[in-house]
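Right, one structure below, let's go through it.
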Amino acid sequence: MSAHHDHDHAHAHANDHAHDPGHHHGHGHGHGHGHVGHAHGDPARAGRAFALAIGLNLAFVAVEFVAGVWSNSTALMADAGHNLSDVLGLALAWMAARLGQRAASGRYTFGLGGSSILAALANGTLLLVACGGIGWEALRRFGAPPAVASDMVIAVAAIGLVINGLSAWLFARDSAHDINVRGAFLHLLADAGVSLAVVVGGLVMRQTGWFVVDPLLSLVIVVVILWGTWGLLRESLELALSAVPRHVDLDQVRAYLAAQPGVQEVHDLHIWAISTTETALTVHVVVPEGAPDDAVVDAWAAGLRERFAIHHATLQVERGNTHHACHLAAGAHR
C-alpha cells in the first residue's frame with residue numbers, strides 16, 4: 001500500500017501485492033517535499049534574494065581581495081575568504097532549494113538532491129585550503145608586521161558591512177518560513193559583525209600605528225571560518241556516507257514506530273539523507289494481525305514527517321511468520 005504526500009495536499013492509492021501463503025506484506029510510502037513543520041514563503045522572492053545576494057557578495061569578494069593585496073592587509077584578504085564562504089554557502093542553499101523542486105526521473109530515482117551533499121564537501125575542502133594559506137601568511141607577518149593602508153581597510157570593510165547588512169535584509173521576510181533562508185539570514189548577519197570588527201581594527205591601526213592588529217584580525221577571522229567549516233565538512237562527509245542525519249534521533253524513531261497500535265517489532269531500520277534538506281527511511285514493521293489499512297500507514301508516514309522531518313518513508317509491514325531481515329542488516333541487527 002502506498003501513500004504520497006506533497007506540501008499541503010495528500011492523496012493515497014493502493015496496490016495489490018501477490019504474497020506467499022505463509023506471510024503477508026504491506027508497503028507504505030510517505031513522501032514530503034520541502035521543510036517539514038515550516039510554512040513556505042514565496043519561492044520566487046527567495047530565488048531573487050539568493051541571486052542578488054550571491055551577485056553582490058561575489059563582486060565584493062573580488063574587490064576586497066584586490067584591496068587587501070593593494071593595502072597589504074591580510075585581514076581584508078581573510079575577510080574576502082570569509083565572504084567567499086558565504087557565497088558558496090548561499091549558492092549551496094539555492095541549489096538545494098532548486099534541485100529539491102525537480103522531479104525524479106530516469107536512473108536518478110531520488111532526484112538530484114544528493115549533489116548538494118557533494119557541493120558541501122567541496123565547499124568545506126576549498127575553505128580549509130584557503131584558511132591554511134591565509135593563516136600561514138598572517139603568522140609570517142607577526143614577527144615584523146608591514147605597514148597597512150588603514151584607510152583602505154576601513155573603507156572596504158565598511159562597504160562589506162553595508163553589503164552584508166543589505167543581503168541579510170533581503171532574506172529577513174522569508175527567514176521565518178524556510179530553514180535554508182533562515183540559515184542564510186543568520187550567516188549574513190554574522191558576516192556583518194566580522195566586517196564591523198575589521199572596520200574597528202582599521203581605526204585602531206590608523207590611530208595607533210599598531211599594524212600587528214592586522215595579522216591578529218586575520219587569525220581571528222580564520223578561526224571563525226574554521227569553526228563553521230569544520231562542522232560543515234564533518235556533517236557533509238557523514239551524509240555522503242549515508243549516516244543518520246544529525247537532526248534525527250534513531251532511537252526515538254524506532255520507539256515511535258514500535259509504539260503504534262498492533263506493532264510487535266521494528267527491525268532493519270535505515271535512515272539516510274538524500275540531499276542536505278531531505279531525509280529517507282526504510283523499515284520492516286511486524287504486525288502479527290496483518291497489514292493495517294492504507295490510512296493507518298499514511299498516518300505513520302505523516303508522523304515521521306512531522307516529528308522527525310523524514311520526507312521519504314518506506315514501511316514494509318510483515319506478520320512475522322518468517323525472517324525478513326534485509327541483506328545489509330542481517331549480520332548486525334537480526
Side-chain angles (χ1 to χ4, degrees), residues 1-17 19 23-40 96-97 99-105 108-114 178-179 239 242-320 324-326 328-329 333:
M1 56 182 68
S2 308
H4 299 272
H5 308 274
D6 190 1
H7 292 298
D8 299 323
H9 68 277
H11 64 274
H13 67 272
N15 293 325
D16 293 327
H17 299 279
H19 305 294
H23 58 273
H24 177 82
H25 296 280
H27 302 273
H29 308 273
H31 303 278
H33 301 278
H35 300 281
V36 177
H38 300 275
H40 294 275
L99 289 176
Q101 296 170 3
R102 296 182 60 177
S105 62
Y108 300 98
T109 55
F110 274 123
L112 297 175
D178 189 306
I179 195 169
L239 296 184
S242 297
V244 177
R246 288 176 172 262
H247 71 273
V248 179
D249 187 313
L250 184 71
D251 291 333
Q252 287 187 13
V253 173
R254 189 187 305 276
Y256 163 75
L257 291 171
Q260 300 309 307
V263 175
Q264 183 183 74
E265 181 190 349
V266 174
H267 63 105
D268 295 326
L269 173 61
H270 301 285
I271 304 173
W272 73 100
I274 55 177
S275 75
T276 53
T277 59
E278 290 191 296
T279 305
L281 169 150
T282 62
V283 65
H284 294 211
V285 181
V286 178
V287 182
E289 295 182 2
D293 291 339
D294 284 12
V296 174
V297 180
D298 289 350
W300 295 354
L304 291 168
R305 192 168 62 251
E306 293 161 7
R307 295 168 61 116
F308 306 104
I310 294 173
H311 312 87
H312 298 265
T314 301
L315 302 104
Q316 177 169 315
V317 181
E318 306 162 353
R319 284 190 172 181
H324 296 291
C326 64
L328 185 60
H333 303 292

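When all heavy atoms are compared, the tightest approach of A273 to L239 is CB-CD2, 3.6 Å. Residue V266 comes nearest to R254 through the heavy atom pair O-NH1, 3.8 Å, listed as atom of the first residue, atom of the second, then distance. The two residues A280 and I310 come nearest to each other via the heavy atoms C-CG2, 4.2 Å. Residue V317 comes nearest to P292 through the heavy atom pair CG1-CD, 3.9 Å, listed as atom of the first residue, atom of the second, then distance.
If you take OG1 on T282 and CG on L269, they are separated by 7.5 Å, rounding to the nearest 0.5 Å.
Within the 4.5 Å cutoff, side-chain heavy atoms of L304 are placed close to those of V253. Contact of the D268 side chain with the Q316 side chain is not registered, since no non-hydrogen atoms from C-beta on lie closer than 4.5 Å. Taking the side chain as every heavy atom from C-beta outward, T279 and L281 never approach each other to under 4.5 Å.
Annotation: side chain to side chain contact (heavy atoms under 4.5 Å, CB included) contacts of V244 (sequence neighbours excluded): V248, L250, I271.
Using modelled atom types, one finds no donor on one side chain facing an acceptor on the other under 3.5 Å when comparing E278 with H311.
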Which atom pairs, one a donor and one an acceptor, fall under 3.5 Å between side chains of residues 255-265 and the rest of the protein, sequence neighbours left out?
from: Y256; atom 1: OH; to: W300; atom 2: O; distance (Å): 3.3
from: Q260; atom 1: NE2; to: Y256; atom 2: O; distance (Å): 2.7

